[in-house]
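Structure record follows, encoded as structure tokens.
Note that the numbering runs from 1 along the sequence shown for the chain.
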Amino acid sequence: MEPLLRKLTGQRVFGEPYEKDGVTFIPVAAVRAGGGFGRSPEKKGGETAGGGGGVVNRPVGMFVLKDGDVRWQPAFDLNRLILGGQILAGLALIVYAVTRRPR
């Protein structure tokens, strides 16, 4: 559990700021962590135990600092857009199938 907790720091959410042409960029990510464990009886009378965990980072955007102003620039997530289109297409097919059913 200790190695997993070491990964959950503020540096996972806010990346190292970098500067280019007088503009400072601070990347921001969404961080999710999870874990679990369990045990089960063995056939020979003992028990088996195991567990695991992980951390997932997903970029969400960046803060842009220029001339004393701060602006939020969201990241474009193509995977989320594709998933939304698939869900919408699936719902459209369901509605079409239900409305075309003979009564």
>> Does anything in residues 19-44 form a ring-ring contact (aromatic ring centres under 6.0 Å, His included)? List the pairs, not counting sequence neighbours.
In response: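 Only Tyr18-Phe25 qualify under ring-ring contact (aromatic ring centres under 6.0 Å, His included).
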
>> Once side chain to side chain contact (heavy atoms under 4.5 Å, CB included) is applied, do any residues pair with Val95, and if so which ones, sequence neighbours excluded?
In response: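 Result, side chain to side chain contact (heavy atoms under 4.5 Å, CB included) vs Val95: Thr99.
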
When the side chains of residues 71-80 are checked against the rest of the protein, which donor-acceptor pairs come out under 3.5 Å, sequence neighbours left out?
| residue | atom | partner | partner atom | Å |
| --- | --- | --- | --- | --- |
| Arg71 | NH1 | Gln73 | OE1 | 2.8 |
| Asp77 | OD1 | Asn79 | N | 3.3 |
| Asp77 | OD1 | Arg80 | N | 3.4 |

Decide whether [X] and [Y] are clustered together by the hydrophobic rule: side chain heavy atoms of Ile, Leu, Val, Met, Phe, Trp, Tyr closer than 4.5 Å, transitively.
X	Y	answer
Val13	Leu65	yes
Val70	Val60	yes
Ile26	Val31	yes
Val64	Val28	no

>> My understanding is that a hydrophobic cluster links ILVMFWY residues whose side chain heavy atoms are under 4.5 Å apart, including indirect links. Using that, what else belongs to the cluster containing Leu91?
In response: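 For the cluster that includes Leu91, the remaining residues are Leu83, Ile87.
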
> Other than Ile94, which residues form its hydrophobic cluster under the rule that side-chain heavy atoms must be closer than 4.5 Å?
Replying inline: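 Ile94 shares its hydrophobic cluster with Val98.
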
>> Arg39: which residues meet the salt bridge (charged side-chain N to carboxylate O under 4.0 Å, His left out) condition with it, sequence neighbours left out?
In response: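 Scan of Arg39 (salt bridge (charged side-chain N to carboxylate O under 4.0 Å, His left out), adjacent residues dropped) gives Glu47.
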
>> Ignoring hydrogens, what is the shortest heavy-atom contact between Pro27 and Met62? Give both atom names and the distance.
In response: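 Nearest heavy atoms, Pro27 then Met62: CA-CB, 3.9 Å.
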
